[in-house]
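Heads up, the thing below is written out as structure tokens.
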Amino acid sequence: MSDYLSELNESQCQAVECTEGPVIIIAGAGSGKTRVLTYRIAHLMKKGVDPFNILALTFTNKAAREMKERIARIVVSTESRNLWMGTFHSVFAKILRIESEKLGYPTNFTIYDTDDSKSLIRDILKEQGLDDKVYKPSLVLSRISTAKSSLISSQAYNADSRITDEDNMAAKPKLGTIYEIYTKRCFKAGAMDFDDLLYKTNILLRDHPDVLHKYQHKFKYILVDEYQDTNFAQYVIVKQLAALYQNICVVGDDAQSIYAFRGANIQNILNFEKDYPDLKTFKLEQNYRSTRTIVNVANAIIANNKDQLKKNVWTQNDEGEKIKLIKTLTDNEEGNTVANTIFEIKMNQQAKNSAFAILYRTNAQSRAMEEALRKLNIPYRIYGGLSFYQRKEIKDLIAYFRLIINNHDEESLKRIINYPARGIGNTTIEKITVIANDNDVSLWTVIENFNDFNLDIHTGTRNKINEFATMIRSFSVMLPTHNAYDLGNHVAHASGILKDLYSDKTAEGVSHHENIQELLNGLKEFSENKNAVASLTPLAEDTTNESTKLKTLDLFMQDIALLTDADKEAETEEDRNRVSLMTIHAAKGLEFPYVFIVGLEENLFPSQLSLNSRTDLEEERRLLYVALTRAEKKVTLTYAATRYRWGNLISCEPSRFIDELDEQYIEMSASAVRVREEDRVIDVNRFHKNKLNIPPAPPLVRKNFVKIGQAGRPADYNPEHLRDLQAGMSVSHERFGTGKVVTMEGVFPNNKATVLFEGVGQKQLLLKFARLKILN
DNA sequence: GTGTAATGCTATTGG
DNA sequence: AGCATTACAC
């Protein structure tokens, strides 16, 4: 075991060693919070605590996996794999599978994703004759989601006049009814949605004292990361489980709370002190990640928020470079500027692609960035957006898998009963649905027992349905005896999906086919136990050797149901060495040497929907704080004057957050300075537009800002004076100081110099970019 | 019941 | 601009 305590500062050390009783760690950005959590768990294990008795809840499954690996290295043992570690959703999904029959659910319950939930809501609206423009499925779902996150059942919802009055006022009186039907339909289908995983866990612990007791005893030590982003349902689960031993440690930073929109509640941090009066509080305030410039700017931004805990984040790190602010004319130019700047930094600093992240407010902004990066051949990876498992063809095959595992899964049944086309049309499905609803059973029950129901369906159609049901049943029978790949491969062929996709020779068709192949490859890896998808939480009862157990399809599905893009590990070094593109939300907990925050415009960042309330606006500001504090070395901020939205060009105002930046830390590009002034001129023009025709004022350059070359425009920099640069000559570089040219490669002006800098070492520099000066 | 053309909606943020 | 649902012809 390594001497891990020596790697911690004093407050980190205290937080690690104080293992007994309730503890809250307020951890500023970049203060080594993950390190503290990791070492704390390792410390517990070193003291002899059985990993089976430790529950650690993280924000992503990837974070859990990485933490497990680090712990394994510290304690030098494979014991760490017995830790219960993962997201709230994945850990409690596992517990719900163990305890499902207590809730009347099958062990193999399906987890409905957001699309399933919305589709079910659409069906309910149709059946109830409600207008889906009034009751927008996404709005209905978010209403249900909020209720569940607050532990409000559909009965309680309908019984609470404050809630129903609110719905009536909004002219949506049927929301409670929809919630009730939705709940019943999910139950009948043996399905839980994302919120149910937390909600039902609460019901389980509330109504079954024996179960509560069991897990209270089991989890003697509980740790929760990113506590500021937990909602009420999560708060109650943690409180219940920790009630016996009270060895509860939560880590959070109110300044980084960015999930209020999905029910996260900063109050959970404040409530914590009330729940545990003998609470010990530790503050981690020293930032090890970022330059002093970045820390100062971030602090200044967050200081504009009224709601916050007192905290003083500081750093001993170097001042570092100024933060660059660049204005561009269009969103495409913004993309080009960012890509060019990355190219430039890569060359000058010998930085890897993986050192860069481009962060944006909305997924839609990724397109311009992608196109620009592709033009310069810079490899990138997009996180979020449409993930692999959300693609149509993948969802189709997955729907077969889900239906095989749980025949009552209504959404899967409806998705594939007529795909590939087998002559079972909408009218037939509607008839079956009506009968199923009237008899309060699942669609599958009706299909299996035609003769018991009074169905007006022709024999021809009946035969087709019977054929389908027989096929699904034959797959289900294979489930326990075949591994995931064998069954999955069989299903892909026997269902006709592969044949259907193979007949489509268009580019998209080929790609669909390839995606199916990729899924099957994933199944193969899983079946051969190459830890393709590592199980994050062990089953307490499960002492069998993992490798001897048959890797069946239902186990595969359990593992992938809650995986997100962020959880996927790049397999090769080439895959890892890419520029990261993601929303700021997705960047939580990550760090990069160079961070680009793009689209700093009013109505985009801050989002238009946040402008009505101070709390919403403050969340946007925290979002910017999170974005800034991801960076280690340098932040570049960009905004565009115009941007395409829904195919239309719209003009954009600079974000109000730009005005909150402290000018002493900011370096504006010349174009940014100019356009900043121009904005005001344009505003005047716009104001008079209908009366006068004032010609636009000439561009202005403010004297007190350093004028620098337009970013990412190599053409603007003329390296002519370096034409005769040769090996042996002395040069100076802005950052590396003075050095001697070792070798020269290539033909001017596309040539490269290898320079040995004093005290820095050897660097390869492109003359086009490096801005070298020749010394005598 | 099936396939294609036209329409219309969307884009906060995510497990 | 791009996707999804709907409308309409077969």
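Letters go in sequence order (proteins before strands), and every chain restarts at 1. Fair warning: this is a prediction, and the values are worked out from it, not measured in the lab.
Rounded to an integer number of Å, the gap from CD of A:E370 to C1' of C:dA1 is 14 Å. As rounded to whole Å, 15 Å separates atom C1' of C:dA1 from atom CZ of A:R643. Between the P atom of C:dT5 and the NZ atom of A:K118 lies a distance of 11 Å, rounded to the nearest Å.
Take A:D254 and apply the salt bridge (charged side-chain N to carboxylate O under 4.0 Å, His left out) test, not counting sequence neighbours, and it matches A:K311. In terms of the side chain to side chain donor-acceptor pair (under 3.5 Å) criterion, A:Q558 has no residue partners (sequence neighbours excluded).
Between A:T427 and A:G647, the one whose closest nucleotide on DNA chain B sits nearer the 5' end is A:T427.
The heavy-atom pair separating A:I416 from A:F468 by the smallest distance is O-CE1, 3.9 Å.
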Enumerate all atom pairs, one protein N or O and one N or O from nucleotides 2-7 of chain B, separated by less than 3.5 Å.
residue: B:dT2; atom: OP1; partner: A:G423; partner atom: N; Å: 2.8
residue: B:dT2; atom: OP2; partner: A:N418; partner atom: ND2; Å: 3.0

Distances under 3.5 Å between nitrogen or oxygen atoms of protein and nucleotides 13-15 of chain B:
residue: B:dT13; atom: OP1; partner: A:N363; partner atom: N; Å: 2.8
residue: B:dT13; atom: OP1; partner: A:N363; partner atom: ND2; Å: 3.3
residue: B:dT13; atom: O4'; partner: A:R361; partner atom: NH1; Å: 3.3
residue: B:dT13; atom: O2; partner: A:R361; partner atom: NH2; Å: 3.4
residue: B:dT13; atom: O2; partner: A:H585; partner atom: NE2; Å: 3.3
residue: B:dG14; atom: OP1; partner: A:T583; partner atom: OG1; Å: 2.8
residue: B:dG14; atom: O4'; partner: A:R262; partner atom: NH1; Å: 3.2
residue: B:dG15; atom: O3'; partner: A:H89; partner atom: ND1; Å: 3.3
residue: B:dG15; atom: N2; partner: A:D195; partner atom: OD1; Å: 2.8

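Residues of residues 122-140 of chain A having a heavy atom closer than 4.0 Å to DNA chain B, listed by number: A:K133, A:K136.
Within the structure, side-chain hydrogen bond (donor to acceptor under 3.5 Å, both in side chains) pairs that include any residue of residues 134-145 of chain A comprise A:R143-A:Y157, A:R143-A:E166, A:R143-A:D167, A:S145-A:D195 (at least two apart or interchain).
A:D225 and A:T58 share no side-chain donor-acceptor pair at under 3.5 Å. Between the side chains of A:Y199 and A:D193, no donor N or O sits under 3.5 Å from an acceptor N or O. Residues A:E601 and A:S655 bring no donor and acceptor atom of their side chains to less than 3.5 Å of each other.
The aromatic ring centroids of A:F187 and A:Y105 lie less than 6.0 Å from each other.
Salt-bridge annotation for A:K126 and A:D132: absent, with no side-chain N of the basic residue lying under 4.0 Å from a carboxylate O of the acidic one. Note on A:E370 versus A:R374: salt bridge recorded, some NZ/NE/NH1/NH2 to OD/OE distance being below 4.0 Å.
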